[in-house]
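Counting convention: from 1, in listed order, for ligands and their atoms alike.
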Amino acid sequence: MTAPLRLRLDGGALVDNWRALAALSGDAACGAAVKADGYGLGAREVVVRLAEAGCRDFFVATWAEAAALAPLGVTLSVLHGVRAEDMAAAAAIAGARPVLNTAAQVARWRAAGGGACDVMLDTGMNRLGVSANEVAAGLLDGLAIETLMSHLACGDEDGPMNARQRGALVAVGERVAARRLSLANSAGIGLGRDYTFDLTRPGLALYGGLPRADFPAAIRQVAWPEAQILQRRTLHAGDTIGYNATFTAPRDLPVAILNIGYADGYWRGFSGRGTARAGGAALPVIGRVSMDLIAVDISAAPALDEGDWVGLDFDLSRAAALSGMSQYELLTGLGARFDRVWS
Ligand SMILES: *Cc1c(COP(=O)(O)O)cnc(C)c1O
């Protein structure tokens, strides 16, 4: 069975993006954040390609995500650490280690024998992580820490917070026996070599997202949504289309109804703003985005017909500006109804 919508995934662009981020990382190893099913693209397929390209450090959020990728034989860090309920999985999944975030997680890990682990240090984001004070009081003494990491709150902006967080990681890193230090996500890599330490952890930019307009590498689009035309019709001047009749045809218009909607992650913010594309022709989205359908004006490609495929414009920074969603939401929202087709 094939679906009437597909996500064309450019494996070459994914690998090129990783190589560009690895080059910007200099001597630091370049890992990959593959949580949330590889930001919606499909974590297995992402990991296979990046491991083949030389990536050795993969980051997931939960143990269920680790279990799904463990058969690939890669090294996984589980960002949310270990709850009591995770300890059996943590013991059973070879190649996966927790990123310990709290004193209770550290105690739990020690009580279970304290194998190799990573530790998240909170340097000001106040999300997950142990504090510098806890570390100074000996919380981590004797622990087998592979990577001591922290996470930037404002890596995509200029401001004093980045240097402050960097300084806090350096200060604690001098007192902790960790094999590696790590701070930079995609945006952090763009801040330069002061931020790359021993290991970088890009996610967004691997998948075609641009963390900031002046990002110092060319990032290629990886995910290309395409939808099939379910019906072709003609709107007559004065006809409206879709829910709440928000669009009125100013003249007779050829229109295609496409099999994609907000349940697929083509958000309502694209109503009247998004575009599809056939060949070079731009096909504006008219009216509201529905759950499973959108309508596009095909005046620029009037030969299009039922059964034809069109692409949706999905350059992430432009699509984010149009839709009001973040680039992260656009990627991770891409739904389960797409056939994911890798090249
Ligand atoms: C998600 C995540 C990353 C990747 O961030 P991007 O902004 O997508 O590059 C890196 N580190 C941690 C701790 C994360 O949670």
Exercise. Among V34, N185, D118, whose heavy atom sits nearest atom 5 (O) of ligand 1?
Worked result: N185
Problem set entry | Test salt bridge (charged side-chain N to carboxylate O under 4.0 Å, His left out) applied to R97 - qualifying residues, sequence neighbours left out | D118
For this session: For L79, take its heavy atoms, then give the atoms of ligand 1 lying under 4.0 Å from any of them.
Result: 13 (C), 14 (C), 15 (O)
Exercise. Which atoms of ligand 1 sit under 4.0 Å from any heavy atom of R127?
Worked result: 15 (O)
Problem set entry | Sub-4.0 Å atoms of ligand 1 with respect to non-hydrogen atoms of L204 | 6 (P), 8 (O), 9 (O)
Exercise. Around atom CZ of R273, are there more than 12 heavy atoms of other residues, nucleotides or ligands at under 6.0 Å?
Worked result: no
Problem set entry | Among R201, M120, K35, closest by any non-hydrogen atom to atom 14 (C) of ligand 1 | K35
For this session: Under 4.0 Å, heavy atoms only, figure out whether ligand 1 is touched by the backbone of M125, its side chain, both or neither.
Result: neither
For this session: Using a 4.0 Å heavy-atom threshold (strictly under), name the region of Y39 that reaches ligand 1: side chain, backbone, both or neither.
Result: side chain
Problem set entry | NZ/NE/NH1/NH2 to OD/OE distance under 4.0 Å, R337 and D292 | yes
Only distances under 3.5 Å count here; give the side-chain donor-acceptor pairs of residues 188-195 to other protein atoms, sequence neighbours excluded, each with its distance to 0.1 Å.
from: R193; atom 1: NE; to: T196; atom 2: OG1; distance (Å): 3.4
from: Y195; atom 1: OH; to: A163; atom 2: N; distance (Å): 3.2

Exercise. Just checking, is any N or O donor in the side chain of E329 or S326 under 3.5 Å from an acceptor N or O on the other one?
Worked result: yes
For this session: Answer with yes or no whether Y328 contacts ligand 1, where contact means a heavy atom under 4.0 Å from a ligand atom.
Result: yes
For this session: With heavy atoms of A33 as the reference, note each atom of ligand 1 found under 4.0 Å away.
Result: 4 (C)
For this session: Please determine if R212 and D156 form a salt bridge, counting it only when a charged side-chain N lies under 4.0 Å from a carboxylate O.
Result: no
Exercise. Can you find an N/O atom of A205 closer than 3.5 Å to an N/O atom of ligand 1?
Worked result: no
For this session: Would you check if the distance from the ring center of Y266 to the ring center of F270 is below 6.0 Å?
Result: yes
For this session: Measure the distance from atom 9 (O) of ligand 1 to every protein heavy atom, then report the residue, atom name and distance (to 0.1 Å) of the closest one.
Result: S186 OG, 2.6 Å
Problem set entry | P202 heavy atom under 4.0 Å from ligand 1 | yes
For this session: Please check if any side-chain donor atom of D297 sits under 3.5 Å from a side-chain acceptor atom of S299, or the reverse.
Result: yes
